[in-house]
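To keep things clear, I will list the structure first and then write my remarks on it.
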Amino acid sequence: MASSTSLAKRLLLGRPFRSDRLQHTLLPKRIALPVFASDALSSVAYAPDEILLTLSIAGATAFAISPWITLAVAVVMVTVVASYRQNVHAYPSGGGDYEVATVNLGPKFGVAVASALLVDYILTVAVSVSAGVSNLGSVVPFVAEHKIGIAMAAIALLGALNLRGLRESGTAFAIPTYAFIFIVFGMIVTGLVRVFVLGQDLRAPSAGLVIDAEAHHLTSFAFVFLLLRTFSSGCAALTGVEAISNGVPAFKPPKSKNAATTLLLLGGIAIMMLFGIVLLARATHLQYVEDMSQIVSGPSNYVQKTVTTQLGETVFGEGSILLYMVGAVTALILFLAANTAFNGFPVLGSILAQDRYLPRQLHTRGDRLAFSNGIIFLAVAAMVLIVAFDAEVTRLIQLYIVGVFVSFTLSQAGMIRHWNRLLRTQRDPMKRRQMFRSRAINTFGMGLTGAVLIVVLITKFLLGAWIAIAGMVVIYVLMLGIRKHYVRVAEELQPTEERPVLPSRNHAVVLVSKVHMPTLRAVAYAQATRPDTLTAVTVNVDDKDTRKIQAEWERRQIPVPLTVVDSPYREITRPIIDFVKSVRRGSPRDVVTVFVPEYVVGRWWENLLHNQSALRIKGRLLFEPGVMVTSVPWQLRSSQDRDLERLDRDLSRAPARGPRTRRTDAGQAGAAPGGTAAAEPAATGADEAR
């Protein structure tokens with residue numbers, strides 16, 4: 001009978017996959033497009049909002065500039081897509097920007113790119129889900145009233161879907177993504193045809209508002225700065241492009257070709273949708289303000305809805321089914337846009353863990369062959385941001401896109417060095433022409449993305465971008481520290497050419513708290529190991545109890561001397577440590593083996609009632625050189641009720657902490673069913689060594 005926890009896990013995640021099923025999780029282009037491109041595609045649901053609300057600072061007349069801002073964003077999008085098509089062909093292993101920067105610019109540049117991408121992936125989830133809640137709240141007031149809770153529930157659901165495995169989550173996201181593309185294009189085409197072909201005067205719900213500029217009489221410099229800030233906000237549409245280069249291994253063969261084709265489809269669809277929404281907004285005289293106090297004249301009960309919701313109401317009519325479909329699929333695609341990060345973040349985390357920049361646990365695949373630890377970490381981090389910023393898109397967007405343009409720029413610089421290195425050895429004229437063309441694309445891409453990065457830093461630093469930069473710096477330093485630790489441990493564990501020196505003598509010490517079955521088994525096992533000397537030790541905390549132990553020891557005529565160590569302050573651990581040290585002090589080549597009798601219990605709460613002294617003693621002895629600790633388990637009746645087969649299955653699916661060996665009576669108690677946690681320090685050490 002499965003436990004309630006195991007049953008819930010199976011219902012949530014499904015049956016576990018065998019490792020040889022990994023090839024069955026690879027994605028065709030029709031599924032890879034919604035999986036990896038949903039972030040960039042969904043940006044059309046909030047990028048136009050950010051463009052218009054930033055321009056509203058200068059007043060309603062500034063909205064006329066929005067198509068030109070969108071054109072500039074489209075130019076950057078085309079450049080980035082063209083540049084990343086070179087990346088996926090040159091580096092198809094899935095490292096993406098991190099691999100490009102590491103190989104061509106050096107490990108520290110690679111770590112800088114990785115830290116930027118990790119921060120941006122977290123922000124992608126927070127921004128996309130917050131925008132989805134805002135769009136849904138424009139149609140359903142209940143959602144707007146409980147946006148933080150609904151946003152967190154959406155992130156939890158996304159995490160659960162991704163924990164089920166890449167292919168299943170991709171299939172689940174394909175239908176709503178394609179529905180969003182179809183409905184938005186239908187809305188754009190219908191609206192533009194009604195305005196420019198049929199000559200109808202379509203007016204958005206906000207068209208009749210009279211708004212006032214936040215800043216009157218802007219100077220030329222201030223107006224240029226406002227345009228640059230608007231452009232930097234619109235560049236949020238570019239996030240998600242890098243996820244395809246990180247996710248190339250998830251594509252079906254030919255991987256690079258399919259990834260490059262998906263990139264091209266992503267760029268074309270995103271640009272057309274973004275341009276279409278902005279043009280339709282201008283054609284319907286739509287207005288969108290940053291501060292509601294800017295509205296000078298309008299309905300007293302006016303509630304500002306998102307741009308896509310206003311356009312849906314204008315084109316399809318208020319209360320129509322198609323309007324609700326626009327709101328539903330827009331909210332859904334924004335929720336699912338976070339899936340791009342849920343696919344990119346764990347893969348990048350796994351690569352970084354393999355390179356020893358992040359904990360090894362992030363390299364472990366779960367039951368469904370997904371990088372479960374990375375998925376869980378991403379979900380928790382995004383929830384923290386949701387709570388910290390109240391799920392407000394405008395506040396979160398200021399932290400956004402800094403990291404992705406850092407990775408864009410460094411990646412293109414790395415690709416330039418990549419082509420320069422190949423050109424020094426390549427003699428084929430046709431291949432050289434292809435390399436020259438690719439280098440020119442990457443050079444232009446580096447210049448353009450570098451310029452955008454400078455604009456973003458200047459215009460958004462004080463608005464919140466400094467938080468993202470601080471996060472990148474912290475992660476960068478942390479990853480270097482983790483790498484340094486792993487390198488230091490590996491160097492310490494590196495075997496030398498010298499043959500190991502055998503111990504001169506082995507002194508055995510059996511710890512005694514009472515004369516009972518666990519103690520007698522420990523004494524018998526210690527005798528069986530044939531040590532050079534064998535001593536039983538008990539700590540005198542209470543004179544009456546100690547005399548009972550001595551009397552029982554003599555009555556049973558146990559052929560092992562019993563040593564009593566005084567403890568005037570009733571401490572147990574320190575006297576034992578001092579005694580063990582004194583035994584080994586005679587020769588540094590001697591070893592001391594300490595045998596610790598322990599109970600093996602079947603219930604988790606029983607561990608709290610037993611073995612606490614043994615746990616403390618073993619944890620302390622592990623730090624003593626030349627001291628070996630052996631747990632001698634004694635199984636209580638409650639341990640016999642454990643379902644050992646199910647426990648073995650659970651242990652086999654858990655991340656391994658070291659080599660598994662056949663359990664014996666004298667084996668580690670922690671490896672036995674229901675065993676004590678006293679063996680945990682040793683297991684941790686084995687994991688680091690591995």
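Along the sequence shown, residues are numbered consecutively beginning with 1.
Heavy atoms from other residues, nucleotides or ligands lying under 6.0 Å from CZ of Phe377 number 12 at most. Open room surrounds CZ on Phe109; 12 or fewer heavy atoms of other groups in view lie less than 6.0 Å from it. More than 12 heavy atoms of other shown residues, nucleotides or ligands fall within 6.0 angstrom of atom CZ in Phe185.
Tyr476 places no side-chain N or O within donor-acceptor distance of the main-chain N or O of Ala114, the cut-off being under 3.5 Å. Remark: side-chain polar atoms of Thr425 are paired, donor with acceptor, to backbone N or O of Leu422 under 3.5 angstrom. The main-chain N or O of Val88 is found under 3.5 Å from a side-chain atom of Ser256 such that the two form a donor-acceptor pair. When atom types are taken as modelled, the side chain of Lys255 and the backbone of Phe251 share a donor-acceptor pair closer than 3.5 angstrom.
Val402 is listed as a side-chain neighbour of Leu457, based on a closest heavy-atom distance under 4.5 Å. By the 4.5 Å heavy-atom criterion applied to side chains, Val125 and Leu385 are not counted as neighbours. Under the 4.5 Å side-chain criterion, counting only non-hydrogen atoms from C-beta, Gln426 is in contact with Asp428. Side-chain contact between Met415 and Ser83 is absent, with no heavy atoms from C-beta onward closer than 4.5 Å. Within the 4.5 Å cutoff, side-chain heavy atoms of Val76 are placed close to those of Phe405. Under the 4.5 Å side-chain criterion, counting only non-hydrogen atoms from C-beta, Arg229 is in contact with Ile57. Residues Leu332 and Phe180 have side chains not in contact (no heavy-atom distance under 4.5 Å, counting atoms from C-beta outward). Between Leu423 and Phe436 there is a side-chain heavy-atom pair separated by less than 4.5 Å.
Shortest non-hydrogen contact noted between Ser130 and Leu396 is OG-CD1, 3.4 Å. Taking each heavy atom of Ala388 and Arg395 in turn, the nearest pair found is O-NH2, 4.0 Å. Contact between Ala490 and Arg356 at its shortest, heavy atoms only, is CB-NH1, 3.6 Å. Smallest separation of non-hydrogen atoms from Thr330 and Ile333: O-CG2, 3.0 Å. Counting all heavy atoms, side chain and backbone alike, Pro346 lies closest to Ile375 at CG-CG1, 3.5 Å. Nearest heavy-atom pair, Gly234 versus Val73, reported as atom, atom and distance to 0.1 Å: O-CG1, 3.6 Å.
Applying the side chain to side chain donor-acceptor pair (under 3.5 Å) test to residues at least two apart or on different chains, the pairs with a partner in residues 432-441 are Gln86-Ser438, Asn420-Arg439. The stretch residues 65-79 participates, sequence neighbours left out, in no side chain to side chain donor-acceptor pair (under 3.5 Å) pair at all.
For the pair Arg483 and Tyr357, the cation-pi criterion (under 6.0 Å, within 45° of the ring axis) is fulfilled.
Atom-to-atom distance recorded for Asn258:CG and Leu263:CG is 11.5 Å, nearest 0.5 angstrom. The CG atom of Asn442 sits 9.5 Å away from atom OG1 of Thr449, with the distance rounded to the nearest 0.5 Å. With rounding to the nearest 0.5 Å, the separation of CG in Leu227 from CD1 in Ile51 is 11.5 Å. For the atom pair CD1 (Ile467) and CE (Met472), the distance works out to 11.5 Å, reported to the nearest 0.5 Å. Between atom CG of residue Leu226 and atom CD1 of residue Ile65 there is a gap of 8.0 Å, rounded to the nearest 0.5 Å. Going from atom CD1 of Ile386 over to atom CD1 of Ile155 covers 4.5 Å, rounded to the nearest 0.5 Å.
Residues satisfying the side chain to side chain donor-acceptor pair (under 3.5 Å) criterion with Arg85, sequence neighbours excluded, are absent altogether.
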Working for side-chain contact (heavy atoms from CB on, under 4.5 Å), residues Glu99 and Asp97: CA-CA 6 Å; Glu99 183 179 3; Asp97 296 339; over 6 Å; no
Check against side-chain contact (heavy atoms from CB on, under 4.5 Å), Lys460 and Ser233: CA-CA 9 Å; Lys460 291 195 170 189; Ser233 296; 3.7 Å; yes
Full working for side-chain contact (heavy atoms from CB on, under 4.5 Å) between Leu348 and Tyr121: CA-CA 10 Å; Leu348 179 60; Tyr121 278 136; 4.1 Å; yes
Steps toward side-chain contact (heavy atoms from CB on, under 4.5 Å) verdict (Ile469, Phe461): CA-CA 9 Å; Ile469 296 171; Phe461 185 83; 3.8 Å; yes
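Between the side chains of Asn87 and Ser411, at least one donor N or O sits under 3.5 Å from an acceptor N or O. Looking only at atom types and distance, the side chain of Tyr91 has a donor-acceptor partner in the side chain of Asn104 under 3.5 Å away.
Ring geometry for Phe408 versus Tyr84: interplanar angle over 60°, hence perpendicular rather than tilted (30 to 60°).
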